[in-house]
Structures are given as structure tokens and as C-alpha cells.
Amino acid sequence: MPRTYSGIREQREYTDTYLDLAGSSLQIEQDFKKKCIKNADRTFSQSYQCQELNSISALLSVNDAVLIAHAPQGCVGCITMGADMYRVAQIHRGAEKITSPKILITNLDQSDVIMGGEGKLRESIRLASERYKPKLIFVFTSCASGIIGDDVDAIVREAQPDTEALIVPVHCDGFRSKICASGYDAAFIAISKFVLKGAVPKKEKGLINLFAPMTVSFADQLEIEKLLRRIGLKSNFLPFFSDYDKVLNIPNAEASTSICKVFADEFMKDIEHDFGIPYAHTVMPVGIRNTDKWYRAIAEITGKGDEVEEIIATEHARIQPELDKIKLKLQGKSVFICGGTGRSFAAATLIDDFGMKLLGIETPVYDLDAQDDIAFLNDIHGDYLIDVANMLPFEQVNIVNKLKPDVFIGVPSWSSRFGIPTTHILDPKRPTMGYDGIVWLGNKIAAQIENPGFNKKLSKYARLPYRESWYDEDPFKFIKEVI
Ligand code: SF4
């Protein structure tokens with residue numbers, strides 16, 4: 001029997017999921033436990049990241065693939081950021097010739113919305129095949145293709161016999177889910193169904209599927225691969241910078257793990273179900289607690305517990321003198337954190353390594369996984385503010401203005417204009433994960449706090465687009481209970 005996960009996170013049966021929620025962390029933890037969080041919605045919302053973007057970004061750098069977005073041009077606007085990251089990542093990996101991702105857009109327009117856009121998709125598949133001779137062609141759906149009812153699967157079936165590449169439809173119409181991580185699921189469901197279906201595994205002892213989204217830098221890849229190598233494990237790092245063969249190698253692994261808790265978590269269940277591969281689903285290995293937890297989880301399913309405990313003890317002793325120095329600069333500083341599910345909670349545990357105090361956290365989803373992290377964070381930081389929001393800068397600026405943290409960790413575009421130090425725990429060049437990552441991030445946060453000059457100037461000359469009166473309002477006034 002195949003597993004029947006729909007790919008839409010809101011529909012998962014085993015966990016309640018909340019997207020419009022805010023308040024005290026202690027209260028939310030209690031309410032979730034008692035199952036008495038009321039359903040709510042926002043009566044006003046700014047635009048948020050859609051799942052199509054995550055589907056495309058997950059597969060953007062698979063080397064032998066061409067991507068076709070069956071969509072209006074605007075849907076792939078954000079992919080320019082992914083394309084940039086891909087090019088920069090090639091430089092970090094020492095590539096001599098830097099290439100762009102191969103993306104075609106069918107450019108659905110008004111007339112296609114009335115007459116149908118199937119002809120454009122057929123033509124794009126033919127073009128992709130002729131022009132690039134890929135091994136894989138991924139076809140991404142969009143809101144527009146879904147609303148007009150283009151039968152993408154039928155077109156793929158029809159085109160497949162005349163196309164050398166394997167054509168893989170990815171159903172990621174943006175309106176299907178408000179949880180953008182559903183986009184990752186759509187990409188992996190497509191891989192399960194079209195690439196791995198019927199594969200007969202040839203088990204390779206010690207091979208680990210190491211799933212990572214494209215925000216994981218080469219430095220972090222090396223850091224995490226090093227941790228696995230130290231306990232005799234070899235990584236199949238994917239899908240970022242992977243290729244068709246690495247994807248085909250997935251069923252041969254001894255075990256799987258992921259670097260982000262919402263990336264490939266459902267897919268790891270699929271491949272356990274289909275190929276009997278056990279998996280470790282834990283946390284992003286950022287900060288001492290998370291790195292230890294991540295490392296112990298993979299050790300447990302591969303029988304490497306003793307080796308890992310020895311390494312953890314050595315690593316703690318090695319970095320402790322550095323942590324003591326960082327603590328002198330950061331102890332007691334207050335923090336507001338905004339980030340995706342994996343990184344926001346990782347950052348909140350990381351700051352405890354430096355004795356910093358959490359004032360508030362903005363994260364896109366509250367579910368059972370989040371509850372685990374929040375319970376842990378409540379024990380350390382006591383009560384703080386939780387805002388469950390997918391970006392929504394209008395809420396963020398209101399909260400940050402009220403809380404006045406010593407430092408903001410997350411995408412700094414808005415909060416930097418208050419003149420407070422801002423930083424983030426992403427870094428394209430240096431490790432943010434594993435034990436070296438802790439030291440690097442601690443120094444990075446300290447450097448920002450010691451050098452707030454840029455943001456101070458910004459606060460003088462760049463204004464936020466909100467009226468002063470907004471800052472007196474309740475930031476959550478648009479969250480209304482749904483009766
Ligand atoms: S797929 Fe839908 S939600 Fe996503 S960018 Fe296109 S129109 Fe917007």
C-alpha cells in the first residue's frame with residue numbers, strides 16, 4: 001500500500017496546525033497541550049511566500065535537470081534570488097564556469113486563462129528537450145494553471161514517449177496550501193512517484209541521505225559531512241547541487257536525515273515506507289543543544305552512539321574557551337528572532353549558549369514539532385512573545401518597536417530601520433552549523449552589536465512605510481477568531 005500523504009501540510013491528520021496565532025509562549029504551550037487553541041484567521045495580510053517557490057528552489061540546482069514553470073511570469077519573480085544563490089554557491093564550490101539554472105516559463109497570459117495554456121506547455125517541453133538535452137524535466141504547476149484546469153499530467157504522459165528526459169510534474173499550485181513547506185513536499189512526492197517508483201535498492205553500508213534546502217551553504221555542507229565522516233558515515237547530500245544519479249541513489253542508503261526539520265520530513269517517511277530506510281527527524285544542527293541532538297539522533301539509528309558521545313565531549317571542551325569569551329560580550333542581551341521554522345527555533349536555542357534573553361519569536365507555523373521546541377525554550381527563557389506569521393512585516397515592525405530588543409536576528413530589511421543591530425544566522429561562506437558554527441555565529445552577533453553604525457544611519461535616512469499611529473495599535477488586531 002503506498003503512503004497517502006496529500007502534500008498539503010494543513011491536512012496532516014496527526015497534528016493540529018496553526019498559522020494565525022500570537023501571544024504568550026507559556027500560554028500557547030498550555031493551550032496547545034489542552035487542545036484549546038481557537039481557530040483564527042487574519043482579516044488583513046501582506047503577501048507571503050508561496051509553495052511554488054519552495055518546490056522550484058528545492059530542485060533548482062539538480063544538475064541534469066531543466067525546470068519548466070507552467071505559470072505567469074510573476075510567479076517565478078522570486079526565483080532570481082535562488083538563481084543568484086546557485087551562482088554564488090558554484091563559486092564557493094570552485095566551479096570554473098558559472099552557469100545559471102535552466103528555467104523556462106510558459107508565461108500564461110490573459111488569453112491562456114480563457115483558452116487554456118496546454119499548447120504552451122507542450123511547446124516548452126519540446127524546447128527544453130531540444131535546447132538542453134537534460135536527463136530530467138520538472139514541470140511546476142501554479143495557481144493559474146490549476147484554476148484553468150490544464151491537465152498537466154496528461155500532457156506529460158503524452159509528451160514522454162517522444163522525450164528522452166524523464167518528465168516529472170510537480171503539483172505546487174500556490175493556493176493549495178498556506179504553509180510554504182508544502183512546496184518541498186510537492187517536489188519530493190513527484191520524485192517518489194516519477195523517479196524512484198519501482199526502484200530496487202542495492203544497499204550501501206554507511207551511506208546516509210542528507211537532505212538539505214538551498215539555504216544550506218557549502219561551508220555548512222562540509223561541516224555536516226565532516227560530522228558524519230567522523231563516525232564512519234558517507235553522505236548522499238541532496239537535492240541541492242545534486243544530479244540524477246544522486247537522486248537515484250536515495251533508495252540505496254542505510255539511513256536518512258535532514259538538516260532542516262520541515263525539509264524532506266514527509267519524504268523520509270515515504271522512503272522508509274517504500275524502501276525500509278530508517279530516518280532521524282530532529283532539529284537544525286545550529287547551537288550546542290541542537291547540534292548534539294541532531295548528531296545523537298543519526299547515531300542512534302546507525303548504532304554509533306558511543307563514538308558520537310566521545311566526539312560531543314571533545315567538541316564541547318574544545319569550543320568552551322571561545323564560548324566563554326563570546327559570553328562576556330553577549331550575556332544578558334535581549335533578542336527578537338524572525339525566521340523559517342527550522343532556523344527560527346535553532347536561533348532561539350543558540351542564543352542560550354551565549355546567555356542571551358529571548359523577547360519574542362516570529363515563526364510561520366505552530367504545530368506539534370513547534371510545541372516541542374517551544375516547551376524547551378520556555379524552560380530556558382521563561383515567557384516571551386510568539387507571533388505565528390509568514391513574514392508579515394507590518395506586524396514585525398510593530399512588535400520590534402514595542403519590545404526594543406538589543407539585537408534582531410532574521411531578515412533585517414525592516415527592523416534595521418529602527419537603528420537596532422540586526423544580523424541573521426545564515427552565512428553563505430562560513431559554517432553556521434556544527435560546533436565551529438556556534439563560535440562563528442557568536443562572534444558574528446557580537447560584531448553586529450559592537451558595530452551598529454550602518455543601521456543607525458539607516459534609521460535617520462530610510463523610513464518604514466507605516467504611519468506613526470500604527471505603532472500604538474495592537475499588532476495582532478487583524479487576527480480574528482473563526483466561529
Ligand atoms: S503560484 Fe500562485 S501564490 Fe504562487 S506566485 Fe504564482 S500566483 Fe502567487
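In each ligand, atom 1 is the first atom listed, and ligand 1 is the first ligand listed.
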* Asked: Do Gln11 and Ser6 get their side chains close enough for a donor-acceptor pair, meaning under 3.5 Å?
  -> yes

* Indicate, with yes or no, if the rings of Tyr184 and Phe263 have centres closer together than 6.0 Å. => yes

* Asked: What about Phe240 and Tyr86, are their ring centers closer than 6.0 Å?
  -> no

* Would you say the ring centroid of Phe241 lies under 6.0 angstrom from that of Phe218? -> no

* Examine the side chains of Asn455 and Ser416 and answer whether a donor and an acceptor come within less than 3.5 Å of each other. => no

* Structure fact -> Lining ligand 1 at under 4.0 Å, by non-hydrogen atom distance, are residues Cys50, Glu52, Cys75, Ser142, Cys143, Gly174

* Asp151 backbone acceptor or donor facing Glu118 side chain under 3.5 Å -> yes

